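What follows is a single structure, written as structure tokens, with notes after it.
Every number for a ligand or one of its atoms is a count from 1 in the order of the listing. One-based numbering along the sequence shown. Bear in mind that the values here come from a model prediction, so they are computed numbers and not experimental data.
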Amino acid sequence: MASRKSTLYLFDVDGTLTKPRQVIKEELKNFLLNEVKSRVTVGLVSGSDYVKIAEQMDGEAVAEKFDYVFCENGVVQYRGGKLISSESILSYLGESLLQKVINFALGYMSKIELPAKRGNFVEFRSSMINICPVGRSCTQSERDEFVKFDSVHQIRQKFVDALQSEFKGTGLTFALGGQISVDVFPTGWDKTYCLKHVADQEFEVIHFFGDKTMPGGNDYELYNDSRTIGHKVTSPDDTREQVEQCLNIK
Ligand code: M1P
């Protein structure tokens with residue numbers, strides 16, 4: 001029988017609890033905070049930083065509402081409403097390698113033609129760099145247009161291939177996090193990182209719900225980790241159905 005002490009439910013955000021980069025629906029949020037959190041411990045684990053997770057989960061108080069909020073794959077950790085730990089990609093890689101990656105990425109992106117290009121092509125976060133060919137300041141319709149274009153022309157996959165070949169042996173991972181960008185981080189700083197933070201809690205079972213579970217997707221490692229029971233979901237509605245089945249509350 002699942003209980004808060006024995007069982008942890010971890011949820012990816014984009015594509016799992018919300019449409020990509022959109023705000024969670026009120027009913028699903030209430031379901032998580034009432035029905036689910038009263039039965040098991042609940043955590044969020046996203047590639048995004050805290051600001052984006054808060055926007056999407058409907059408010060700054062997200063860290064207080066959920067038991068755990070693991071940002072940037074869990075390398076930035078909030079527990080019980082407080083920032084507990086984070087790592088610095090700058091200290092880990094050093095300025096020289098970091099600049100080589102940024103310079104290569106900007107050079108590569110300067111040579112591709114897209115339906116639209118806007119601003120904020122490189123977003124520097126505590127523990128990862130997010131590189132975005134269309135530019136993170138694109139509008140929702142420009143984002144949608146890029147997603148279609150990318151599915152035909154494999155813009156991001158080719159970019160990842162080029163980055164992997166250029167930075168082979170440097171211990172960097174290049175992952176297709178969301179819809180329009182590539183996440184760059186030290187190998188091992190994927191979503192399995194968050195499991196280190198809960199090791200002391202001795203959960204008997206850890207369930208993980210995510211949509212990007214294919215190789216190269218940013219849910220792949222945690223979904224396939226032997227310490228979790230992975231659930232592949234296709235939408236926020238599907239997530240709710242699968243959770244109801246697991247908790248036997250339908
Ligand atoms: O789903 C998590 C991803 O969300 C955003 O992706 P995109 O803007 O490409 O849809 C980014 O914050 C990305 O870093 C993150 O992994």
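- Ring orientation note: the planes of H207 and F209 are close to parallel, at an angle under 30° on the 30°/60° scale.
- Other residues, nucleotides and ligands place no more than 12 heavy atoms under 6.0 Å from the CD atom of E113.
- Side chains of T192 and D190: a donor on one and an acceptor on the other come within 3.5 Å.
- For atom 1 (O) of ligand 1, the closest heavy atom belonging to the protein is D14 OD2, 3.0 Å.
- For ligand 1, the atoms sitting less than 4.0 Å from at least one non-hydrogen atom of R143 are 7 (P), 8 (O), 10 (O), numbered in the order shown with element in parentheses.
- Under the 6.0 Å distance and 45° angle rule, R240 counts as a cation-pi partner of F31.
- At least one heavy atom of R125 sits less than 4.0 Å from an atom of ligand 1.
- In terms of polar-atom proximity, I180 is counted as a contact of ligand 1, with an N or O under 3.5 Å from an N or O of the ligand.
- Within 6.0 Å of CD on Q157 lie more than 12 heavy atoms contributed by other residues, nucleotides or ligands.
- Side-chain contact between L114 and I155: present, with at least one pair of heavy atoms (C-beta onward) separated by less than 4.5 Å.
- When hydrogens are left out, the protein atom nearest atom 12 (O) of ligand 1 is S48 OG, 2.8 Å; that is the closest non-hydrogen contact.
- With hydrogens left out, the protein atom closest to atom 8 (O) of ligand 1 is R136 NH2, 2.7 Å, a heavy atom.
- Of the heavy atoms in D183, only side-chain atoms (C-beta onward) come closer than 4.0 Å to ligand 1.
- In this structure, the protein non-hydrogen atom closest to atom 9 (O) of ligand 1 is S181 OG, 2.5 Å.
- With a 4.5 Å cut-off on side-chain heavy atoms, E123 and K52 count as touching.
- In terms of polar-atom proximity, defined here as any N/O pair under 3.5 Å, N218 does make such a contact with ligand 1.
- Considering backbone and side-chain N/O atoms, Q179 comes within less than 3.5 Å of an N/O atom of ligand 1.
- The residue from F70, Y92, W189, F185 that alone fulfils the side chain to side chain contact (heavy atoms under 4.5 Å, CB included) condition with V75 is W189.
- Below 3.5 Å of separation, one finds no N or O of S46 facing any N or O of ligand 1.
- From the protein, the heavy atom lying nearest to atom 6 (O) of ligand 1 is G178 CA, 3.4 Å.
- No part of K212 comes within 4.0 Å of ligand 1, judged by heavy-atom distances.
- Residue contact check: N130 has heavy atoms under 4.0 Å from atoms 11 (C), 13 (C), 14 (O) of ligand 1.
- Considering only heavy atoms from C-beta on, D211 comes within 4.5 Å of D12 through its side chain.
- Under 4.0 Å from ligand 1, not a single heavy atom of Q56 appears.
- Centroid-to-centroid, the aromatic rings of Y223 and F208 stay 6.0 Å apart or farther.
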